Q: 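Would you mind keeping the following structure in view while I ask a few things?
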Amino acid sequence: MAMILASSERTRLRVSRANDLDFVLEAENHPDNRNYIGQWTREQHRSAQEGTDTVHLIIEADLAPAGYLIIAGLEHPAQSIELIRLVITDKGKGLGRDALRLVKRCAFHRWNAHRLWLDVRSNNPRARKLYEEEGFVVEGTLRECLKLQDTYVSVSILSILASEYRDGH
């Protein structure tokens, strides 16, 4: 039976299993995604599945995989949780927004986070717009810190605090 962490009317987050890793790796390496996120090995994903400080989740819509996400910092002493990865394979349907809202709910209600943070690459304005619309604030930018093929991209750090989350709900 699937361990459901959170759900909305049309989206649910369930704990991933070993047999989900083919889907995860395919989604991560898909041309629509690979320039916007880090690339992990199967072993790195497996380690995240098995860790006590991380949770590795499948995003489902209509009970079918539509993406995945990884959260870390569940044991962070300052209650600062990181959204390491949010990948949607079924784009343009609002599933990313739904998943992000479920992550915020879990972070601040389930795990009692003080801060939820993430990073976003400068070549991904669509994701950055979503994060800002969902209450994340830019904390700073690491200028041209990654090289993708022959292009340098910057990475911005964004966060939302528990007080900001509560004020928006």
Side-chain angles (χ1 to χ4, degrees), residues 1-40 42 44-45 48-49 54-74 81-111 113 115-138 146 148 153-162 164-169:
M1 179 151 181
M3 163 70 173
I4 307 304
L5 190 68
S7 62
S8 67
E9 217 172 270
R10 63 186 190 149
T11 308
R12 72 181 195 171
L13 306 179
R14 73 163 170 81
V15 174
S16 68
R17 301 178 291 259
N19 64 354
D20 290 314
L21 291 184
D22 286 339
F23 167 79
V24 167
L25 290 168
E26 184 178 320
E28 188 167 274
N29 289 296
H30 191 278
D32 290 345
N33 299 320
R34 70 173 158 236
N35 288 329
Y36 306 118
I37 57 173
Q39 303 297 299
W40 279 11
R42 181 178 297 273
Q44 287 172 300
H45 282 287
Q49 287 178 318
T54 57
V55 63
H56 196 286
L57 301 167
I58 296 295
I59 301 163
E60 291 183 333
D62 299 321
L63 303 180
Y68 76 97
L69 57 87
I70 304 168
I71 299 166
L74 300 178
I81 293 176
E82 179 184 6
L83 175 56
I84 294 179
R85 194 80 41 86
L86 172 58
V87 176
I88 298 295
T89 56
D90 199 5
K91 297 183 188 316
K93 297 181 179 175
L95 299 176
R97 185 176 304 274
D98 283 355
L100 184 59
R101 287 178 177 171
L102 292 173
V103 167
K104 290 190 304 183
R105 188 170 76 199
C106 287
F108 297 117
H109 292 286
R110 181 184 205 104
W111 299 310
R115 175 177 174 264
L116 175 63
W117 71 279
L118 54 86
D119 64 51
V120 63
R121 295 178 182 186
S122 59
N123 64 337
N124 196 355
R126 181 179 182 175
R128 181 169 172 159
K129 181 177 187 271
L130 168 66
Y131 299 139
E132 290 177 343
E133 287 175 354
E134 286 298 315
F136 285 80
V137 175
V138 176
L146 296 176
L148 301 176
V153 295
S154 299
V155 174
S156 294
I157 308 298
L158 290 84
S159 71
I160 183 171
L161 303 177
E164 295 164 337
Y165 174 77
R166 283 191 300 274
D167 289 347
H169 287 84

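Because the structure is a prediction, the values reported are computed rather than measured. Side chains included, hydrogens not; waters and symmetry mates left out as well; all remaining heavy atoms used.
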Q: Considering all heavy atoms of both residues, which atom of G67 and which atom of T89 are nearest to each other, and what is their separation?
A: N-OG1, 3.8 Å
Q: So, for F108 and A113, which heavy atoms are closest and what is the spacing to 0.1 Å?
A: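 Closest approach of F108 to A113, heavy atoms only: CD2-O, 3.3 Å.
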Q: Taking ring pair (Phe, Tyr, Trp, His ring centres under 6.0 Å) as the test, write out the residues that go with W40, two or more places apart.
A: H45
Q: Who pairs with R97 by side-chain contact (heavy atoms from CB on, under 4.5 Å), at least two apart in sequence or on another chain?
A: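 Counting only residues at least two positions away or on another chain, R97 forms a side-chain contact (heavy atoms from CB on, under 4.5 Å) with R101, L130, E133, E134.
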Q: Is there a side chain to side chain donor-acceptor pair (under 3.5 Å) between K91 and N33 once you walk through the steps?
A: CA-CA 11 Å; K91 297 183 188 316; N33 299 320; 2.7 Å; yes
Q: According to side-chain contact (heavy atoms from CB on, under 4.5 Å), who are the partners of A99, at least two apart in sequence or on a separate chain?
A: L13, I59, L69, L86
Q: What is the minimum heavy-atom distance between R12 and S7, and which atoms define it?
A: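 So the minimum-distance heavy-atom pair works out to CB-CB, 3.6 Å.
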Q: Restricting to pairs with a member in residues 27-38, which pass salt bridge (charged side-chain N to carboxylate O under 4.0 Å, His left out), not counting sequence neighbours?
A: E28-R85
Q: Which residue in the set L83, I84, L158, V155 passes side-chain contact (heavy atoms from CB on, under 4.5 Å) when paired with D119?
A: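 That would be V155; it is the only one of L83, I84, L158, V155 passing the side-chain contact (heavy atoms from CB on, under 4.5 Å) with D119.
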Q: I'd like to check the side-chain contact (heavy atoms from CB on, under 4.5 Å) partners of N123; sequence neighbours left out, ordered by chain and number.
A: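 Expected list: N35, Y36, R121, L148, V153.
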Q: Suppose we screen for ring pair (Phe, Tyr, Trp, His ring centres under 6.0 Å). Which residues come up paired with H30, at least two apart in sequence or across chains?
A: none
Q: Can you tell me how far apart OH (Y131) and CG (L100) are? Round to the nearest 0.5 Å.
A: 6.5 Å
Q: Counting only heavy atoms from other residues, nucleotides and ligands, does the tally under 6.0 Å from CD of Q44 exceed 12?
A: yes
Q: Identify the heavy atoms of P125 and S122 that sit nearest to each other, and give their distance.
A: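 Looking at all heavy atoms of both residues, the shortest contact is CD-O, 4.1 Å.
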